[in-house]
Peer 1: 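Quick one: the structure is below, and I'll ask about it shortly.
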Amino acid sequence: MKKHFALVIGLFALILLEGCASKDAIRIGQYKWTKRGTYLQVPHPEPVEFTLPFMPNEQWAYRVATYSIEHGVFRVQFVLGEVESPSLNLTARGATRSLVERDSSFTPPPMASDSAVVMYFMQWDAENSFENYEPLKGGSVLSSSFNKENGYGLICLEGKDDFRECSAVKLTEKGNFYVVTAYTVNPMDNPDKYVIDMMESFDHYNP
């Protein structure tokens with residue numbers, strides 16, 4: 001990942017805990033009883049769960065790219081198809097608001113509502129991409145909105161050679177950002193649908 005958010009989380013050593021028995025482990029697995037499909041559970045900065053928007057016949061690979069319990073930050077990457085040349089990239093990431101605010105360029109309006117902070121975050125993240133991330137340099141915002149019912153923002157960007165990126169962003173009551181991002185060079189892959197489906201599955205669980 002290439003943005004301010006990535007630069008912040010990249011400061012910390014990686015702690016790869018997926019597959020461990022600890023309650024502090026990131027877990028990816030199959031629902032057994034009440035649901036179908038694959039879940040992602042991340043206990044820090046708060047215990048949250050996503051249902052991954054994968055079809056049974058799709059071949060996905062994943063890696064835990066960043067996970068620091070001490071600093072309350074994580075990043076998990078998924079790729080559809082060949083790892084070296086994936087057709088779609090999907091990333092889940094999270095961090096405390098206090099960690100994000102260590103970046104001096106992150107200056108939302110004082111006393112802004114959570115929805116306003118989310119909208120600010122999305123624009124801030126996009127502007128950094130347009131300046132620094134090669135596929136999106138000189139790009140533009142295709143759409144930006146806030147879903148009041150489910151409490152998350154959605155932004156889609158367009159870059160070079162049909163590059164498309166969509167992100168869904170939530171700020172929780174505990175003051176943590178959660179971001180789901182999908183990007184592809186084929187707009188027909190509908191990256192917005194992947195991030196909407198995954199963010200709308202957002203839930204808490206008991207570690």
Side-chain angles (χ1 to χ4, degrees), residues 1-11 42 45-46 48 50 53 65-66 71-78 88-185 187 189-202:
M1 197 170 52
K2 68 286 178 182
K3 306 173 184 178
H4 280 301
F5 199 49
L7 297 175
V8 171
I9 66 177
L11 295 175
V42 185
E46 62 186 282
V48 301
F50 296 94
T66 304
H71 299 285
V73 63
F74 77 91
R75 178 170 161 244
V76 183
Q77 295 175 296
F78 303 89
L88 186 73
N89 290 265
L90 184 67
T91 301
R93 48 192 167 121
T96 63
R97 179 171 174 174
S98 61
L99 182 61
V100 176
E101 288 176 342
R102 291 187 187 181
D103 189 317
S104 60
S105 70
F106 185 80
T107 56
M111 305 301 293
S113 65
D114 286 354
S115 61
V117 172
V118 166
M119 296 298 288
Y120 175 88
F121 178 99
M122 294 193 301
Q123 186 63 38
W124 168 77
D125 209 29
E127 288 175 358
N128 184 256
S129 291
F130 297 149
E131 292 179 6
N132 300 302
Y133 183 48
E134 192 61 37
L136 284 171
K137 280 187 176 180
S140 60
V141 175
L142 292 173
S143 62
S144 179
S145 61
F146 189 83
N147 184 312
K148 293 182 179 179
E149 181 178 357
N150 293 307
Y152 67 87
L154 177 68
I155 189 168
C156 289
L157 313 178
E158 181 179 42
K160 302 175 182 178
D161 301 320
D162 291 324
F163 185 89
R164 298 287 178 89
E165 178 181 286
C166 293
S167 296
V169 180
K170 178 185 283 287
L171 179 60
T172 68
E173 292 181 357
K174 293 185 177 181
N176 300 311
F177 281 104
Y178 288 89
V179 184
V180 178
T181 299
Y183 62 90
T184 177
V185 293
D189 287 335
N190 299 317
D192 56 332
K193 184 179 186 305
Y194 280 88
V195 299
I196 290 171
D197 287 351
M198 188 165 167
M199 186 58 80
E200 292 196 347
S201 75
F202 179 94

Peer 1: Please examine the side chains of Y178 and E46, heavy atoms only from C-beta on, and report whether any two atoms are closer than 4.5 Å.
Peer 2: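 In contact.
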
Peer 1: How far apart are the closest heavy atoms of M199 and V169, and which atoms are they?
Peer 2: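 Here M199 and V169 meet closest at CE-N, 4.1 Å.
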
Peer 1: Using ring centroids (six-membered ring only for Trp), state whether Y152 and F146 fall under 6.0 Å.
Peer 2: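 No.
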
Peer 1: Say whether Y183 and T91, considering side chains only, have a donor N or O and an acceptor N or O under 3.5 Å apart.
Peer 2: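 T91 and Y183 do not have a side-chain donor-acceptor pair below 3.5 Å.
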
Peer 1: Should we say atom NZ of K160 is surrounded by more than 12 heavy atoms from elsewhere, each under 6.0 Å from it?
Peer 2: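 Yes.
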
Peer 1: Looking at side-chain heavy atoms only, is the closest gap between Q77 and N89 below 4.5 Å?
Peer 2: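 No, side chains not in contact.
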
Peer 1: Which atom pair, heavy atoms only, marks the closest approach of G151 to K170?
Peer 2: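 In this case the closest contact between G151 and K170 is O-NZ, 3.3 Å.
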
Peer 1: Just verifying a value: how many Å separate N147 CG and E200 CD, rounded to the nearest 0.5 Å?
Peer 2: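 The CD atom of E200 is 6.0 Å from CG of N147, to the nearest 0.5 Å.
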
Peer 1: For V185 and D161, run side chain to side chain contact (heavy atoms under 4.5 Å, CB included): C-alpha distance rounded to whole Å, both residues' side-chain angles, the deciding distance at 0.1 Å, then the answer.
Peer 2: CA-CA 7 Å; V185 293; D161 301 320; over 6 Å; no

Peer 1: Strictly distance-based, threshold 3.5 Å: is any side-chain N or O of S129 a donor or acceptor partner for the main-chain N or O of Y133?
Peer 2: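 Not confirmed, S129 side chain does not pair with Y133 backbone.
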
Peer 1: With sequence neighbours excluded, what pairs up with E101 under the salt bridge (Lys or Arg N to Asp or Glu O under 4.0 Å) test?
Peer 2: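 If we apply the salt bridge (Lys or Arg N to Asp or Glu O under 4.0 Å) test to E101, skipping adjacent residues, the hits are R97.
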
Peer 1: In the structure I gave you, are the side-chain heavy atoms of L154 and V195 within less than 4.5 Å of one another anywhere?
Peer 2: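 Yes; the side chains approach each other to less than 4.5 Å.
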
Peer 1: Of the non-hydrogen atoms in K137 and E131, which two are nearest, and what is the gap between them?
Peer 2: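 That closest heavy-atom pairing would be CE-O, 3.4 Å.
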
Peer 1: Using 0.5 Å steps for rounding, measure from the CG atom of L157 to the CD atom of E127.
Peer 2: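 With rounding to 0.5 Å, CG (L157) is 10.5 Å from CD (E127).
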
Peer 1: Answer whether the closest heavy-atom distance between the side chains of T107 and W124 falls below 4.5 Å.
Peer 2: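 They are not in side-chain contact.
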
Peer 1: For P191, does its backbone N or O pair with a side-chain atom of D189 as donor and acceptor, under 3.5 Å?
Peer 2: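 No.
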
Peer 1: Minimum heavy-atom separation for Y194 and A182, please, with both atom names.
Peer 2: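 The answer is CB-CB, 4.4 Å.
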
Peer 1: Say you draw a straight line from CG of L90 to CG of D197; how long is it, rounded to the nearest 0.5 Å?
Peer 2: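 The CG atom of D197 is 10.5 Å from CG of L90, to the nearest 0.5 Å.
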
Peer 1: Locate the shortest heavy-atom distance separating M122 from S167; write the atom from each residue and the value.
Peer 2: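 Taking M122 first and S167 second, the nearest heavy atoms are SD-O, 4.4 Å.
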
Peer 1: Which distance, rounded to the nearest 0.5 Å, do you find between the CZ of R102 and the OG1 of T96?
Peer 2: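 Going from CZ on R102 over to OG1 on T96, the span is 7.0 Å.
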
Peer 1: So does N128 get a backbone contact from the side chain of N132, meaning a donor-acceptor N/O pair under 3.5 Å?
Peer 2: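 Yes, because the side chain of N132 sits within donor-acceptor range (under 3.5 Å) of the backbone of N128.
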
Peer 1: Which atoms form the tightest heavy-atom contact between V141 and F130, and what is the distance?
Peer 2: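 Residues V141 and F130, closest heavy atoms: N-CZ, 3.8 Å.
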
Peer 1: Between F74, F121, Y120, which is the residue that forms a ring pair (Phe, Tyr, Trp, His ring centres under 6.0 Å) with F177?
Peer 2: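 Checked F74, F121, Y120 against F177; only one passes ring pair (Phe, Tyr, Trp, His ring centres under 6.0 Å): F121.
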
Peer 1: Kindly compute the distance separating OG (S144) from CE (M119), expressed to the nearest 0.5 Å.
Peer 2: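 Reported value, rounded in 0.5 Å steps: 3.5 Å.
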
